[in-house]
2 protein chains.
Amino acid sequence: MGTEAQTESQAIRPYAASLELLRKVGLRPTRQRLALAKTLFMEGGHRHVTAEQLHDEVMASGVRVSLATVYNALHQFTENGLLRELVIEPGHVYFDTNVVPHHHFYEAATGRLEDVDAAEVDFSRLPPPPAGMRVKGVHVILYIERDTARAAA
Amino acid sequence: MGTEAQTESQAIRPYAASLELLRKVGLRPTRQRLALAKTLFMEGGHRHVTAEQLHDEVMASGVRVSLATVYNALHQFTENGLLRELVIEPGHVYFDTNVVPHHHFYEAATGRLEDVDAAEVDFSRLPPPPAGMRVKGVHVILYIERDTARAAA
DNA sequence: ATTAATGCAAAATCTTTGCACTTTC
DNA sequence: GAAAGTGCAAAGATTTTGCATTAAT
């Protein structure tokens, strides 16, 4: 098994994979959307980004994109199930590349968000929804902070 | 037991109570802050308001206040533990008069928020916080929607 | 009198939009 | 070459700020 064959079959080929992703949801694979998709989805692991962060990052990678286009793309990606919108602190909308239902750790001091798998949270008690309503989803935010009172125990 | 005695001892006297509330947290009881405190805290039940909603409401009650003052007051109230800030949908900060830890139902279609008492939620499983961190608080948001598939059963 | 709070309008953010130009199909 | 997407700058929306005026202690 040559390295090339392995590379082609197993490793992520960002361009091809991004192209396919966009095709799948019916968005034209433009240079800009490809660059954004590559940055968001092709670097392994899940991400939480703001429009501005993503814009800076893509620009830094050498692709010129306008901020308006980043906003457009983020919303189109969201509408097509590629991203999930998260609002936790005032004035900042995060886009989460993890679209499977899950929860979050949030460190207010740094603004850092970290995923919590849905399987890591279970409820032994939940209230019944108001009359005529049904619960469509649950989001648990665990606010964390540096543990200063840290004994070696 | 005369009605007057009862009124004075039991019923809420908005002005006096608001005044005392502001005094207690060390904010000068100005006409504007008194009006805002009365609207927020003296009508029974808990509230979730945006700055603009509150501004409209207080203006409608006949007290002239500028929107900037409403923002100032909301933040001062928050800093002094009288309110809790909530961000659930982009572009809107809600201020919650319920400052005891609790959770929320949220109906996206209408923007309606409803309190869920902390006692109504229990966890049978929670993840350990990241190394060196501790969990400071938990907020559960239960997304609800109209239950259309409603059989009479 | 002193000190703080208010109001206004202007500024700062973040986000969306209108329209000419460019790119993809 | 038709349809969709992009970029820019301008407009919107929400929130904050600077400073003269007004009110509370």
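Atoms considered below: every heavy atom in the structure, side chains included; atoms not considered: hydrogens, waters and symmetry mates.
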Review point. Nearest of C:dT6, C:dC25, D:dG7 to any side-chain atom of B:Arg33?
Key: C:dT6
Practice item. Please state whether the rings of B:His139 and B:His103 are parallel, tilted or perpendicular, taking 30° and 60° as the class boundaries. Key: parallel
Check your understanding: Does A:Thr30 have a side-chain nitrogen or oxygen under 4.0 Å from the phosphate oxygens OP1 or OP2 of D:dT6?
Key -> yes
Check your understanding: To the nearest angstrom, how far is B:Glu85 atom CD from D:dT14 atom C1'?
Key -> 13 Å
Check your understanding: Between A:Tyr106 and A:Glu89, is any side-chain donor less than 3.5 angstrom from a side-chain acceptor?
Key -> yes
Check your understanding: Linking I/L/V/M/F/W/Y whenever any side-chain heavy atoms sit under 4.5 Å apart, do A:Ile141 and A:Leu126 land together?
Key -> no
Check your understanding: Reckon B:His75 touches a base, only the sugar-phosphate, or nothing at all at heavy-atom distances under 4.0 Å?
Key -> sugar-phosphate
Check your understanding: Can you tell me how far C1' of C:dC14 sits from CG of A:Leu54, to the nearest Å?
Key -> 15 Å
Check your understanding: A:Leu27 CG to D:dG5 P: how many Å, rounded?
Key -> 7 Å
Study note, to complete from the structure: Looking only at D:dG7, C:dC14, D:dA23, the nucleotide nearest the A:Gln32 side chain is D:dG7
Practice item. For the side chain of A:Glu52, starting at C-beta, report the closest nucleotide among D:dT14, C:dC14, D:dT25. Key: C:dC14
Revision key, fill the gap. From the candidates D:dG7, C:dC14, C:dT24, the one with an atom nearest any side-chain atom of A:Arg64 is D:dG7
Point to revise | Distance test, side-chain N/O of A:Arg23 to OP1/OP2 of C:dC25, below 4.0 Å | key: yes
Point to revise | Given D:dG7, C:dG7, D:dA3, the nucleotide with the shortest approach to the side chain of A:Arg28 | key: D:dA3
**Study point:** Proximity to the side chain of B:Arg31 - top-ranked nucleotide from D:dT17, C:dG7, C:dC14
**Key:** C:dG7
**Study point:** Closest nucleotide among C:dT15, C:dT17, D:dG7 to the A:Val93 side chain
**Key:** C:dT15
**Study point:** B:His92 NE2 - D:dA13 P separation (whole Å)
**Key:** 11 Å
Review point. Side chain of B:Arg33, backbone of B:Arg28: donor and acceptor closer than 3.5 Å?
Key: yes
Point to revise | Euclidean distance, atom CG of residue B:Leu67 to atom P of D:dT17 [Å, nearest integer] | key: 14 Å
Review point. OP1 or OP2 of D:dT16 sitting under 4.0 Å from any side-chain N/O of B:Tyr71?
Key: no
**Study point:** Nearest-neighbour nucleotide for the B:Asn72 side chain, D:dT17, C:dT15, C:dG7 considered
**Key:** D:dT17
Check your understanding: Got a salt bridge between A:Glu57 and A:Arg47, using NZ or NE/NH1/NH2 to carboxylate O under 4.0 Å?
Key -> yes
Exercise for review: Name the nucleic acid region contacted by A:Pro29, choosing base, sugar-phosphate or nothing; use a 4.0 angstrom heavy-atom cut-off, strictly under.
Suggested key: sugar-phosphate
Review point. Do B:His104 and B:His102 make the cut of ring centroids closer than 6.0 angstrom?
Key: yes
Practice item. Measure from the side-chain heavy atoms of B:Thr69 and tell me the nearest of D:dA4, C:dG7, C:dT3. Key: C:dG7
Point to revise | Nucleotide of D:dA9, D:dA24, C:dC8 approaching B:Ser66 most closely (side-chain heavy atoms) | key: C:dC8
Practice item. Measure from CG on B:Leu34 to C1' on D:dA24 and round the result to the nearest Å. Key: 11 Å
Exercise for review: Please state how far atom NE2 in A:His55 lies from atom C1' in C:dT16, giving the value in whole angstrom units.
Suggested key: 15 Å
Review point. What's the CD-P distance between B:Gln53 and D:dA13, to the nearest Å?
Key: 17 Å
